[in-house]
Amino acid sequence: MSDLNKTLHKWNASFKKGTDFDSWGQLVEAIDEYQILARQLQKEAQSPANSSDFTEDHKKTIGKIATCLELRSAALQSTQSQEGFQLEDIKKLEPILDNLLTFNKEFPFDVQPVPLRRILAPGEEENLEEEEEEEGGAGVGSPDSFPPRVPGTLLPRLPSEPGMTLLTIRIEKIGLKDAGQCIDPYMTVSVKDINGIDLTPVQDTPMATRKEDTYVHFNVEIEIQKHVEKLTKGAAIFFEFKHYKPKKRFTSTKCFAFMEMDEIKSGQIVIELYKKPTDFKRKKLQLLTKKPLYLHLHQTLHKD
């Protein structure tokens, strides 16, 4: 069996597993399976052409399937699950995934691959940054040069469980000396274990719309997709500040911050900003600046 067919076989098995859990009412297992598969599909959909066996048309379809899986996962986590993406909708995707290489019909749902942005290989962003500095900076660019706007990929709050605690984090604002020059800024939030492995689905905020002085204001709430008691020892919640570079036509990580488990408590918290690249293992941390610029958050704990 070729590598391509092995990949398709693996995806189909995962899809079947997820829909089986879904139809049996095993919602937690279905959500996990859908989210794992969605991340795999998104990664393939955004892979560079020279490292993928799929055509650009295939990758568009793969990205749309990933979006549908995220929508179904979000519907299962919502108290209004009957209003969202349904199991019968998801099942319409099975023949598409089964026949991905020959699929040439219109996709049954009006969705877009998420996220719509260029993903860079490790080290690639740093190289591009160096080139940009040598050429004298990116400039602001015209609106026509901007990429498609990225919709937020925020997920709803998990169902409550007796004795368990859920965490909502409101990202209020981030302090940056050049806040006003950041184009289409947004935040990527992830929960990683001590080895940098995802413990929950990665979420992107919508674009920040207000910038003033040395602050980019978000005022957006993130629902952490695991009960606090179920987070492993040494885990951390990461916040990556990203913005668009029009000259290079890619989305760049400007800086990052993180919160460790002993910092989870109700109320305001202000955390330090670190230089990229994001160090999910927290081994070689360098502060972004000596200036007093921070990420401002507000935490709310929900306990049954």
Side-chain angles (χ1 to χ4, degrees), residues 112 114-120 124-126 128-155 167-190 202-224 236-259 263 267-279 285-300:
Q112 292 301 316
V114 176
L116 294 171
R117 59 179 174 272
R118 182 176 168 196
I119 300 296
L120 299 170
E124 188 181 356
E125 180 179 312
E126 284 69 44
L128 287 169
E129 294 285 357
E130 284 166 20
E131 287 170 26
E132 186 178 279
E133 282 166 15
E134 285 166 17
E135 291 168 21
V140 173
S142 68
D144 293 342
S145 67
F146 295 0
R149 293 184 68 82
V150 184
T153 55
L154 300 183
L155 296 166
L167 172 62
T168 303
I169 299 176
R170 185 170 73 246
I171 301 173
E172 295 184 337
K173 61 185 180 180
I174 185 171
L176 296 164
K177 60 182 181 181
D178 55 353
Q181 295 169 35
C182 295
I183 297 170
D184 283 356
Y186 67 96
M187 200 77 75
T188 294
V189 181
S190 56
V202 177
Q203 302 183 64
D204 290 333
T205 70
M207 302 292 183
T209 54
R210 188 159 71 93
K211 294 172 275 189
E212 61 179 26
D213 301 326
T214 55
Y215 288 104
V216 177
H217 293 263
F218 283 91
N219 287 319
V220 64
E221 293 192 337
I222 308 284
E223 303 292 347
I224 300 304
I237 302 169
F238 282 83
F239 305 85
E240 296 174 272
F241 179 84
K242 299 182 178 181
H243 64 135
Y244 183 61
K245 295 284 186 93
K247 189 169 183 182
K248 294 297 175 184
R249 291 180 170 270
F250 72 89
T251 295
S252 168
T253 301
K254 186 174 183 66
C255 58
F256 72 99
F258 63 88
M259 214 177 78
E263 295 176 287
Q268 301 284 142
I269 182 172
V270 174
I271 56 179
E272 294 178 312
L273 304 176
Y274 295 96
K275 287 182 179 176
K276 65 179 183 182
T278 309
D279 180 8
L285 299 169
Q286 274 189 290
L287 285 174
L288 179 67
T289 173
K290 291 177 182 175
K291 293 181 185 295
L293 298 174
Y294 304 100
L295 177 61
H296 296 250
L297 308 170
H298 185 279
Q299 301 183 78
T300 305

TODO: Specify the closest pair of heavy atoms between Pro185 and Phe241, including all atoms of both residues, with the distance to one decimal.
DONE: CB-CZ, 3.5 Å

TODO: State, with a plain yes or no, whether a side-chain heavy atom of Thr289 is found less than 4.5 Å away from one of Cys255.
DONE: no

TODO: Kindly compute the distance separating CG (Leu297) from OG1 (Thr168), expressed to the nearest 0.5 Å.
DONE: 12.5 Å

TODO: Return the minimal non-hydrogen interatomic distance between Met207 and Asp184, and the atom names on each side.
DONE: SD-O, 3.1 Å

- [ ] For the pair Thr205 (side chain) and Met187 (backbone), establish whether a donor and an acceptor sit closer than 3.5 Å, ignoring hydrogens and angles.
- [x] yes

- [ ] Report the C-alpha distance between Tyr274 and Asp279 in whole Å, list the side-chain angles of each, state the deciding distance to 0.1 Å, and finish with yes or no for side chain to side chain contact (heavy atoms under 4.5 Å, CB included).
- [x] CA-CA 9 Å; Tyr274 295 96; Asp279 180 8; over 6 Å; no

Open item on the list: Distance alone, cut at 3.5 Å: any donor-acceptor contact between the side chains of Gln268 and Glu172?
Closed with: yes

Open item on the list: Less than 4.5 Å apart, side chain to side chain, heavy atoms only: is that true for Lys254 and Asp178?
Closed with: yes

TODO: Specify the closest pair of heavy atoms between Lys173 and Leu295, including all atoms of both residues, with the distance to one decimal.
DONE: O-CD1, 3.6 Å

Open item on the list: Below 30° counts as parallel, above 60° as perpendicular, anything between as tilted: where do the rings of Phe256 and Phe258 land?
Closed with: parallel

TODO: State, to 0.1 Å, how close Ile271 and Tyr294 come at their nearest heavy-atom pair, and which atoms those are.
DONE: O-CB, 3.3 Å

Task: Validation row: Leu176, Leu273 side chains within 4.5 angstrom (heavy atoms) - done: yes

Open item on the list: Return the CD1 to CG distance between Ile237 and Leu167, rounded to the nearest 0.5 Å.
Closed with: 5.0 Å

Task: Nearest heavy-atom neighbours spanning Gly175 and Leu293 - done: O-CB, 3.3 Å

Task: Distance-minimising heavy-atom pair for Gln203 and Leu154 - done: OE1-CA, 3.4 Å

TODO: Drop me the distance from His298's NE2 to Ile269's CD1, to the nearest 0.5 angstrom.
DONE: 11.0 Å

Open item on the list: Using only atom types and a distance under 3.5 Å, with no angle test, would you say the side chain of Lys211 pairs donor to acceptor with the backbone of Cys182?
Closed with: yes

TODO: With the side chain counted from C-beta on, respond yes when Thr300 and Arg170 share a heavy-atom pair under 4.5 Å apart, and no when they do not.
DONE: no

- [ ] Taking the side chain as every heavy atom from C-beta outward, state whether Ile171 and Phe239 have any pair of such atoms under 4.5 Å apart.
- [x] yes

TODO: Check the pair Leu155, Glu223 against side chain to side chain contact (heavy atoms under 4.5 Å, CB included), reporting the backbone distance first and the verdict last.
DONE: CA-CA 7 Å; Leu155 296 166; Glu223 303 292 347; over 6 Å; no

Open item on the list: I'd like to know whether His243 forms a side chain to side chain contact (heavy atoms under 4.5 Å, CB included) with Ile183, so could you lay out the CA-CA distance, the side-chain angles of the two residues, the decisive distance to 0.1 Å, and finally the verdict.
Closed with: CA-CA 6 Å; His243 64 135; Ile183 297 170; 5.6 Å; no

- [ ] Nearest 0.5 Å please: distance from the OG1 atom of Thr253 over to the NZ atom of Lys242.
- [x] 4.5 Å

Task: Ile169 vs Val189 side-chain heavy atoms within contact, under 4.5 Å - done: no

